[in-house]
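These notes concern the structure reproduced below.
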Amino acid sequence: MVELSTGGRLTGIFAGDDPYALARDWLAEAEASEPEDANAVALATADARGLPNVRMVLLKEIEPSQTRGGFVFYTNSESAKGTELKANPQAAMVLHWKSLRRQIRLRGPVETVSPQQADEYYSSRAYQSRIGAWASRQSRPLASRRALMAEVAKIAAKYPVKPPRPPHWGGYRIRPLEIEFWANGDFRLHDRFRWTRMRTDATGWTVQRLNP
């Protein structure tokens with residue numbers, strides 16, 4: 001059983017007063033136990049009709065500052081998620097780890113990371129991944145696999161070393177207004193704690209235990 005202490009503080013695996021730090025701790029544990037891609041997350045956006053879209057992406061950073069930082073991922077800004085985020089810059093994300101029997105849910109407004117931050121991450125990627133970011137017109141119809149690989153070869157010939165970051169590729173940061181930490185309990189009597197704040201520049205959070 002995990003509960004608030006008599007002093008009003010969280011205990012056990014939920015202990016701490018910074019949800020960003022707690023999320024990083026849980027992710028670090030998962031990286032030691034998950035067989036592959038512990039940073040895989042389900043990202044939900046909505047189109048112009050309000051119809052939700054969800055897909056798996058890789059979470060690349062949980063920034064340390066509660067008021068300035070957030071949960072960062074990278075993608076093609078002309079993809080379905082990119083165009084949806086441009087029209088409606090809000091998103092939700094779920095991290096789920098079967099090995100730990102835990103998950104984190106969060107949602108909030110989305111902003112783009114700086115060009116310098118995007119450049120730094122792009123340059124750290126494998127060469128073929130950088131070329132792929134140029135070659136793929138993500139989310140749009142593709143005639144064939146052969147056509148895609150022909151485009152890859154064309155871009156590789158143009159940039160045999162150090163391809164620059166494409167102008168249509170960059171990073172996004174979710175700055176949560178709500179983060180929920182969930183841990184599996186026997187007989188589906190799970191532990192859930194929800195952290196909320198009214199604004200992304202607020203330094204304080206309200207924490208509530210939720211029913212399973």
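These numbers come from the heavy atoms of this one structure, side chains and all, not from hydrogens, waters or symmetry mates.
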Problem set entry | S136 side-chain N/O to A133 backbone N/O, donor-acceptor pair under 3.5 Å | no
Exercise. How are the rings of H96 and W182 set to each other: parallel, tilted or perpendicular (split at 30° and 60°)?
Worked result: tilted
Problem set entry | E78/R140 ion pair, N-O < 4.0 Å | yes
Problem set entry | W169 backbone acceptor or donor facing R165 side chain under 3.5 Å | yes
For this session: Verify, without hydrogens or angle tests, whether H190 (side chain) and G185 (backbone) share a donor-acceptor contact under 3.5 angstrom.
Result: yes
Seminar exercise, completed: Applying side chain to side chain donor-acceptor pair (under 3.5 Å) to R173 and not counting sequence neighbours gives E63, E111, Q117
Exercise. Hey, are the side chains of L43 and V54 touching, using non-hydrogen atoms and a 4.5 Å cut-off?
Worked result: no
For this session: Could you tell me whether the side chain of D37 and the main chain of A40 form a donor-acceptor pair under 3.5 Å?
Result: no
Problem set entry | Main-chain N/O of R197 paired to E178 side chain as donor or acceptor, under 3.5 Å | no
Problem set entry | Side chain to side chain, R55 and K81, heavy atoms closer than 4.5 Å | yes
Problem set entry | Side chains of L177 and T196 in contact at under 4.5 Å (non-hydrogen atoms) | no
Exercise. Within the distance-only criterion (no hydrogens, no angle test), does the side chain of N39 pair as donor or acceptor with the backbone N or O of L59 below 3.5 angstrom?
Worked result: yes
For this session: Fit a plane to each ring of W134 and H168, take the angle between them on a 0 to 90° scale, and name the class: parallel (under 30°), tilted (30 to 60°) or perpendicular (over 60°).
Result: perpendicular
Exercise. With W26, which residues qualify under ring pair (Phe, Tyr, Trp, His ring centres under 6.0 Å), at least two apart?
Worked result: F14, F181
Problem set entry | For Y20, ring pair (Phe, Tyr, Trp, His ring centres under 6.0 Å) partners two or more places apart | F71
Problem set entry | Check: T75 and V57 side chains under 4.5 Å, non-hydrogen atoms | no
Exercise. In this structure, are over 12 heavy atoms from other groups packed under 6.0 Å from K60 atom NZ?
Worked result: yes
Exercise. Are the side chain of S129 and the backbone N or O of R125 linked by a donor-acceptor pair below 3.5 Å?
Worked result: no
Problem set entry | Intermediate values then yes/no, salt bridge (Lys or Arg N to Asp or Glu O under 4.0 Å), R194 and E180 | CA-CA 4 Å; R194 181 177 62 197; E180 180 188 314; 5.9 Å; no
Exercise. Counting only N and O atoms by type, is there a donor-acceptor contact under 3.5 Å from the side chain of Y172 to the main-chain atoms of V110?
Worked result: no
Exercise. Given side chains that start at C-beta, do those of P163 and I155 come closer than 4.5 Å, heavy atoms only?
Worked result: no
Problem set entry | Minimum side-chain heavy-atom gap P176-W195 below 4.5 Å | no
Exercise. Ion pair present between E151 and R137, side-chain N to carboxylate O less than 4.0 angstrom?
Worked result: no
For this session: Determine whether more than 12 heavy atoms belonging to other residues, nucleotides or ligands lie under 6.0 Å from atom CE of M198.
Result: no
